[in-house]
Amino acid sequence: MAEDEAQAAKRVKQLRREIKEHDRRYYEQAAPTISDQEYDRLYKELVDLETRFPALVAPDSPTQRVGGKPLEAFAQIQHRLPMLSLDNTYSEKEVANFYRRITRLLPDEKIPVVIEPKVDGVAVSLLYENGKLQYAATRGDGVVGDDITQNVRTIRSVPERLRGAVPKIFEARGEVYMDKRGFEKLNEERSAAGLPLFANPRNAAAGSLKHLDPKIVAQRPLSIVFYGTGATEGLDIDLHSEIFPLFKKLGLPTSARWWLADSVEEILNAIRELDKIRADFAYQTDGAVVKVDEFEQRERLGFTAKSPRWAIAYKYAAERVKTRLMDIIVQVGRTGILTPVAVLEPVTVSGSRVSRATLHNEDEIKRKDIRIGDIVVIEKAGEVIPAVVEIVKSKRPRSAKPFNFFEHVRGKCPVCGGPVRRDPEFVAWRCENLHCPAQTTRRLEFFAARGALDIESVGGIVADKLVERGLVREPLDLFELKLEQLAKLNLGTDEAPRIFGEKNATKAMHTIERAKTLPLSRWLFALAIPDVGKTTATQLARFHETIEDAANSGLLRRVVDYDIKKEQAKKLRRKDPTAYDVLRQDLIEIRDALIKAGFAKPSKSKIDKNAGIVTEVGPMVAQSVLEFFASATGKRILQWMKQLGIQPGSEKISAKKAADLSLAGKTFVLTGTLPSMTREEATAKIETLGGHVSSSVSKKTDYVVAGKEAGSKLDKAKQLGIRILNEAEFRKMLAR
Ligand code: IVH
């Protein structure tokens, strides 16, 4: 080793030690001893040395947190112990009932419980083996989660190695969050770059962790707080309350505040005390978790079908704040629907700044008697768009002005001045001008949204300006953009210009280019074909190699044909038995072809027992898809895509595999909250096994999966005698 490299090696070692120590002071003790600038200087010195002497780069260097290569997709990790969820309640009475229940179950015993903050972040599980981080996973469906190790490694408060006497296996569970200050800053930066804003810190954290490119994740101000353990070996503790000092000793951040209680009164006091101080925490909290302290008692209490009997989550009511309604404006949506929106005096609600709230529709304004100038109460529950809950009539100023939707609109679209018509089906006004810039913008946003082509840089204001400046008239125009045009795009006004810039434009061009080869299902969804949602797009992509195949789909044509012939056959049955027989033969042929392709399953329904089938995509939707591609617009889009060299990736599966999928042809309806999986997760599972998810219960529904607080859908399912599954039964079905 050359002399200066040896010197560098020494300095690198020293820098790493110092940086790690400062990280620890900053993240674990919230007591930094140097300024941010000083820290950055040390960090930069280390980066410089490692750049000059690449041989010195080591995987555990703090610089390596900036992340490795982007992933294609996340791998899956099976949790050693399932990650369960908790029973939730908003009522103190139910918390009291919880404690009384466990006292009844374990009579004549003292049952100490711990009360701690319920962190509103993203649940993760980190596995340490002999003190070294092995992997990090999301909760996923509770049994299997995404492998997000690369991303979690970029979080500075996550140690690569545990400190002190380490257990052989230590699975630490907690929440990744974005601290409130970091969230505000990130949104400011995104606003400056014209990117869509995150609704709240939790969304920002979740969005960041799901990024496939760890370099981007490394730039996000994420932190972590741990609240429990999963699988462990070589760990000797009996109480939950022991984990707080234990986490500290191991170098894992944990909640600074927690309470012990052994009576209903003490529990409720702790919950109320936490509510008073939680606004000062760096992370958002949405409740308090009450957990039995002794592991041995937990074991005896056990679990219900869905969650542990030894814990409950109390959720604080969604924050409501009052502010003034300054104005009501009318916005135009993707399909031209006019929606009234409240313009508010800006206030902070549940951790984010709010200046707009939806007023849903004309009737809502009338029903609540909302007037411009009123003091309104707004509420933001979770990720829902803020809504005006009520008005404070007693505070109504004399000058308050009623809002007359009809007069305001005066028969014209507020954006393009085009004609509007009241849509009888939706009780809403709709702008009829297909070229209305507002509609174009919304369509562009839809096209570029996360579930569609994921061209992030084109959301929000960039979409507005691209349309306003005439650079984009329809979504595919994006692919015609030149770097210079985009770089020069003015996101501000003529008086106060704000230029998009070369760097942002280059990034945007990159994601636009990448979109050309995204999977077919995303393209089919992004094109906004009437009646084609995500589920249908996925089904279609499974059975068609290319977009042209889907456009000229023999399968879809057969589905439509089958439906028409079936209707004819019904009519002819008595009138003309010979013609009926011919038709029936046709029907059987079509049926067999569809079944062979895996696009249909025989149906058990009595009505069409002769040749009955359930197809992947129903006849109405099939018709809609064929019509779209046969229309002038559809043809033009196909032609244009070809010219642009857009080739969506194939997701086609073999006919045999399609026919083998265990849930092929089955229709599910999900209702209520499932204990350990989100609706999206359940839907994804059903779809990968070939099933459909529908939003309403009908005779065609095969199964209703009912979670907590299932409502009218469950009643309807019972009425119709449809098979109802709880989560455990549903899981069994998935596993089969
Ligand atoms: S304990 C078996 N403690 O809330 C119970 N969870 O619905 C394991 N959460 O999935 C969870 N803060 O993601 C626990 N202090 C805390 C928590 C907490 C947030 C989340 C966690 C869990 C969900 C429960």
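Order of listing sets the numbers, starting from 1, for every ligand and every atom in it. These values consider heavy atoms only, across backbone and side chains, with no hydrogens, waters or symmetry-generated copies.
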Q: Can S307 be said to touch ligand 1, with heavy atoms closer than 4.0 Å?
A: no
Q: Out of all atoms in ligand 1, which are within 4.0 Å of some heavy atom of S85? Include the element for each.
A: 7 (O)
Q: Does the Y128 side chain pair with the main chain of E160, one donor and one acceptor, at a distance under 3.5 Å?
A: no
Q: Which of the numbered atoms in ligand 1 are under 4.0 angstrom from any heavy atom belonging to E116?
A: 3 (N), 15 (N), 16 (C)
Q: Looking only at protein heavy atoms, which one is nearest to atom 8 (C) of ligand 1, and how far off is it?
A: L84 O, 4.0 Å
Q: Please state which protein non-hydrogen atom is closest to atom 7 (O) of ligand 1 and give its distance, to 0.1 Å?
A: L86 N, 3.1 Å
Q: Within a 6.0 Å radius of atom NZ on K315, are there more than 12 heavy atoms belonging to other residues, nucleotides or ligands?
A: yes
Q: Could you check whether S241 and D293, counting side-chain N and O atoms only, form a donor-acceptor pair closer than 3.5 Å?
A: yes
Q: Do any N/O atoms on W310 end up under 3.5 angstrom from N/O atoms on ligand 1?
A: no
Q: Where on V289 is there a heavy atom closer than 4.0 Å to ligand 1, on the side chain, on the backbone, on both, or on neither?
A: side chain
Q: I'd like to know if the side chain of H79 and the backbone of R139 have a donor-acceptor N/O pair within less than 3.5 Å.
A: yes
Q: Using non-hydrogen atoms of the residue, decide whether R139 is closer than 4.0 angstrom to ligand 1.
A: yes
Q: Please state which protein non-hydrogen atom is closest to atom 9 (N) of ligand 1 and give its distance, to 0.1 Å?
A: E175 OE2, 3.5 Å
Q: In terms of side-chain geometry, is the basic nitrogen of R80 or E171 positioned less than 4.0 Å from the acidic oxygen of its partner?
A: no
Q: Could you tell me whether ligand 1 has any atom less than 4.0 Å away from a heavy atom of P308?
A: yes
Q: Does the N or O separation between K118 and ligand 1 drop below 3.5 Å for any pair?
A: yes
Q: Contact between K291 and ligand 1, counting heavy atoms under 4.0 Å?
A: yes
Q: Measure the shortest side-chain to side-chain distance between L252 and I224 over non-hydrogen atoms and say whether it is less than 4.5 angstrom.
A: no
Q: Please answer whether the main-chain N or O of L106 pairs with a side-chain N or O of R300 as donor and acceptor at a distance below 3.5 Å.
A: no
Q: Could you check whether Y227 and E116, counting side-chain N and O atoms only, form a donor-acceptor pair closer than 3.5 Å?
A: no
Q: Pairing donors with acceptors under 3.5 angstrom, does anything connect the side chains of T535 and E687?
A: yes
Q: How does P117 reach ligand 1, by side chain, by backbone, by both or by neither, if only non-hydrogen atoms under 4.0 Å count?
A: backbone
Q: Considering only the protein, which heavy-atom contact is closest to atom 12 (N) of ligand 1, and what is its distance?
A: V119 N, 3.0 Å
Q: Hey, is ligand 1 close enough to A123 that some N/O pair sits below 3.5 Å?
A: no
Q: Using atom types as modelled and distance alone, determine if a side-chain donor or acceptor of D146 lies under 3.5 Å from a backbone N or O of T138.
A: no
Q: Among F226, Y283, Y227, which one has a heavy atom closest to atom 21 (C) of ligand 1?
A: Y227
